[in-house]
Amino acid sequence: MIENIEIGKQLDEVGDLLEIQEANPFRVRAYRNAVRTIADLATRLERMVADEEDLTALPGIGKELARHITELVTTGEMGVLAELRENVPSTLVEIMRLPGVGPKSARKLWKELGVETVEELKSAAEEGRVSELKGFGEKKQALILSGIEQFHRHSARYRLDEADRFVAPLLEYLSAHAEAEKVEVAGSYRRRRETVGDIDILVLSSAPEPVMERFVSYPSVEKVLAAGGTRGSVVLRSGLQVDLRVVPAESYGAALVYFTGSKEHNIRLRQRALDRGLTVSEYGVFELLETPEQEAMPADAEAESEDADRRRAGRQVAGRTEEEVYGAVGLPYIIPELREARGEIATAEAGELPDLVELDDLRGDLQMHSTWSDGKNSIEEMLDGCVERGYEYFAITDHSKALAMIEGLDEEGLQRQFGEIKEVSDRHSEIRILRSMEVDILADGTLDLADEMLEALDLVVISIHSMFSLPAARQTERVLKALQHPAVDVLAHPTARLINKREPVDFDLEQVIACAAENRVALELNANPHRLDLKDTQLMLAKSLGAKVVISTDAHRVADLALMPYGVEQARRAWLEKGDVLNALPREGFLDYFGIA
DNA sequence: GCCGTTTTCGGCCCGACTGTTTTCAGTCG
């Protein structure tokens, strides 16, 4: 049993070790590309190998990579990695992760100082041996030492909601500067990735120096990593790195495209530009001028990087706005959430970009808790919150009795709750309260509520809250059994993961999705930023297998109803349209779909 | 090592900042 993530990790290490060996950089890139493809893949490679599917059909995976993957899956070992590890200590990979240390430095430290581990590097630096190396110096040595300290302190990426908390005051601070005409966050934050590694901020200004000065003087700044004329980089006391770029108006759109990424999306844009005699940089789109005489290039790997030197940028043709930049390479505007090199460029070219679901499309929220279990507000208070958001219906989904520690409801408790729902409903005709429950899937796949009560519910939402670490076969069986219960309508937070805290359960997601589709069970996209479950690539798989999705906040208090945008953003990253999302249906259509009276 | 209506060879994205240099390599995004 091997996860995609482990396969990716091993291939990434191959890339690292090749880099330290000074292998052909394009060969290294090939491994990086494969790692990315695997990271985006919702299907298990293990299963693809078992089914003898053609791995080379995957982007960036050719004969060799397919062979390595197949070998790893079938034998548990990857020959190419074992071989590399005999020649290069694999602990050098950690050294390479330190700031200011790349493959060349790692190699030099190893070859000339015999350093193989971070600890050995620490000793060498403390003894002043690092600064004596040619190409190294006092500052580099100090950077390495402080990097080792950080290395032990913070490694995880930040959840989007955590990043939001840091970003808002910083934006306010920068915007207050008179010379900052426009301030915008780019990077994976703007693409609304579920976690961000750092924050990229773009400022439009004709006076970069004072803006940079204000940036590095931000009170929460712990350390200034770099501060040049147009680029700066700091670490906040929270450990979050923030990069700032200051650009003039004629480059603002190009810079926004460039710093929003993703990297792979940008590479594809640039390739496309080259095909059209243009070159793209963060300064704009320019006509491409080739120098007249092209000398014969030696065929060996060392000469490859000189190719770029032959290109010369000419007249600027675009750059002021993002629309202009995309237009210059013959494309319509592509929204940030789609810029992940998952086919958006070809789709844009064909004029078939999806009409993505929007927050305003949602007509209801299908998971929330009240004081009847672990929620902080009454049913009527939750109702007020939903009415305020313009919803036409919502589901009250308190926990079932298996969650004893928060006093989940048993059959009798649920019956009493029905009484309160009726009372509240009688006072509020403007919105429909759905009688629902978040029913636990027990270890054997049966449900934590008697059949007659399941039948009495308008909407049956089921989920896993225990036995997270069952072996994959049993976990899959458990969920498949639950999905086949005729009363079930929604599978909530299907993988049960908590971002940065708990791994998803180990099961065959493809089988689970297929089973849900077959039994007309909707899959939840849990909008809580701790969960975002299913996640983007898994939702894409769900859509391709014909499953429907609902987006729910899982609110435990009225304020949590405001988490819905996090869900919608992930749905957009998954290319979901209004028609894929059941709670975008108006009240009558929604009730019809689930056969609710 | 991958890829392909300019295909099976010869390409493969682009620029800033730093530290160490004496004109640039390495790293980073």
Side-chain angles (χ1 to χ4, degrees), chain A residues 11 14-15 18-19 22-37 55-68 80 96-108 131 133-144 147 186-188 197-200 202 208 212 224-233 241-247 251 254-255 257-275 278-286 288 296-301 303-313 341:
Chain A
L11 289 174
V14 171
L18 282 173
E19 235 179 344
E22 299 181 314
N24 179 342
F26 295 106
R27 188 178 168 210
V28 174
R29 187 186 293 174
Y31 278 90
R32 308 289 186 216
N33 290 341
V35 168
R36 207 193 116 75
T37 292
L55 300 183
T56 64
L58 298 170
I61 300 206
K63 234 177 95 187
E64 275 300 292
L65 266 306
R67 197 169 61 77
H68 295 329
V80 63
M96 250 172 73
R97 300 276 173 269
L98 297 170
V101 183
K104 308 277 179 173
S105 302
R107 181 185 175 84
K108 193 157 194 159
S131 61
L133 288 178
K134 190 168 156 59
F136 288 64
E138 289 293 336
K139 289 204 170 171
K140 191 97 176 169
Q141 181 169 272
L143 180 72
I144 287 172
S188 50
D198 59 18
I199 299 292
D200 297 293
L202 194 63
M212 190 60 69
V224 178
L225 297 175
T230 63
R231 293 186 171 196
S233 195
Q241 182 172 328
V242 183
D243 298 336
L244 182 80
R245 275 87 176 187
V246 188
V247 298
S251 298
V257 168
Y258 192 61
F259 297 122
T260 297
S262 66
K263 201 174 169 185
E264 291 72 17
H265 176 86
N266 288 341
I267 288 172
R268 295 217 184 2
L269 273 188
R270 285 185 166 156
Q271 283 168 339
R272 192 180 165 84
L274 289 177
D275 292 343
L278 299 169
T279 175
V280 178
S281 75
E282 57 262 56
Y283 294 102
V285 183
F286 301 86
L288 188 63
M297 303 290 287
D300 58 338
E304 282 153 358
S305 60
E306 292 175 24
D307 195 57
D309 298 340
R310 292 209 305 272
R311 297 196 189 106
R312 293 287 179 274

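Below, chains carry the letters A, B, ... as their sequence lines are ordered, and counting in each starts from 1. All heavy atoms count here, side chains included; hydrogens, waters and symmetry mates do not.
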Novice: Please enumerate all residues that pass side chain to side chain donor-acceptor pair (under 3.5 Å) together with A:R32, with sequence neighbours excluded.
Specialist: A:D12, A:D16, A:E19
Novice: Taking only the side-chain nitrogens and oxygens of A:S233, find out if one of them lies under 4.0 Å from OP1 or OP2 of B:dC17.
Specialist: no
Novice: Taking the basic N atoms (NZ, or NE/NH1/NH2) and the acidic carboxylate oxygens, is any pair closer than 4.0 Å for A:D200 and A:R245?
Specialist: yes
Novice: Report yes if a side-chain nitrogen or oxygen of A:R231 is closer than 4.0 Å to either non-bridging phosphate oxygen (OP1 or OP2) of B:dA16; otherwise report no.
Specialist: no
Novice: Any protein N or O atoms within reach of nucleotides 20-23 of chain B? Criterion: under 3.5 Å, listing atom names and distances.
Specialist:
residue: B:dT20; atom: OP1; partner: A:G137; partner atom: N; Å: 2.4
residue: B:dT20; atom: OP1; partner: A:G137; partner atom: O; Å: 3.2
residue: B:dT20; atom: OP1; partner: A:E138; partner atom: N; Å: 3.4

Novice: When you check the glycosidic angle of B:dT21, does it come out syn, meaning within 90° of 0, or anti?
Specialist: anti
Novice: A:E64: which residues meet the salt bridge (charged side-chain N to carboxylate O under 4.0 Å, His left out) condition with it, sequence neighbours left out?
Specialist: A:R67
Novice: Please work out if A:D200 contacts a base, only the sugar-phosphate, or nothing of the nucleic acid, heavy-atom cut-off 4.0 Å.
Specialist: sugar-phosphate
Novice: Within less than 4.0 Å of OP1 or OP2 of B:dC13, is there a side-chain N or O belonging to A:Y258?
Specialist: no
Novice: For nucleotides 3-7 of chain B, give me every protein contact, N/O to N/O, under 3.5 Å, one pair per line with atom names.
Specialist:
residue: B:dC3; atom: OP1; partner: A:G60; partner atom: N; Å: 2.7

Novice: Among residues at least two apart in sequence or on other chains, which ones pass side chain to side chain donor-acceptor pair (under 3.5 Å) with A:R27?
Specialist: none
Novice: Checking A:R270 now: which residues fulfil salt bridge (charged side-chain N to carboxylate O under 4.0 Å, His left out) with it, not counting sequence neighbours?
Specialist: none
Novice: Give a yes/no answer on whether the side chain of A:S262 brings an N or O atom under 4.0 Å of OP1 or OP2 in B:dG29.
Specialist: no
Novice: Taking atom P in both B:dT7 and B:dC12, what distance in whole Å separates the two?
Specialist: 15 Å
Novice: Run the side chain to side chain donor-acceptor pair (under 3.5 Å) test against A:T260 and tell me which residues pass, sequence neighbours left out.
Specialist: A:R190
Novice: Mind checking side-chain contact (heavy atoms from CB on, under 4.5 Å) for A:R107 and listing every partner two or more places apart, or none if nothing turns up?
Specialist: A:I20, A:E22, A:K111
Novice: Does a side-chain N or O of A:T279 approach OP1 or OP2 of B:dC14 to a distance below 4.0 Å, or not?
Specialist: yes
Novice: Please measure how far the C1' atom in B:dG26 lies from the corresponding atom in B:dT21, and state the result in whole Å.
Specialist: 12 Å
Novice: Which part of the nucleic acid, if any, lies within contact of A:G229, taking any heavy atom under 4.0 Å across all strands shown: a base, the sugar-phosphate backbone alone, or nothing?
Specialist: sugar-phosphate
Novice: In whole angstrom, give me the gap between the C1' atoms of B:dT6 and B:dG10.
Specialist: 13 Å
Novice: What does A:L65 touch in the nucleic acid at a heavy-atom separation under 4.0 angstrom: a base, only the sugar-phosphate, or nothing?
Specialist: sugar-phosphate
Novice: Mind listing the closest non-hydrogen atom pair of A:A66 and A:T56 along with its distance?
Specialist: CB-CG2, 3.9 Å
Novice: Sequence neighbours excluded, which residues qualify as side chain to side chain donor-acceptor pair (under 3.5 Å) partners of A:Y31?
Specialist: A:H68
Novice: Which nucleotide, in any strand shown, forms a Watson-Crick or G-U wobble pair with B:dT8, with both distances under 3.5 Å?
Specialist: none
Novice: For B:dC28 versus B:dT23, give the span between their P atoms, rounded off to a whole number of Å.
Specialist: 25 Å
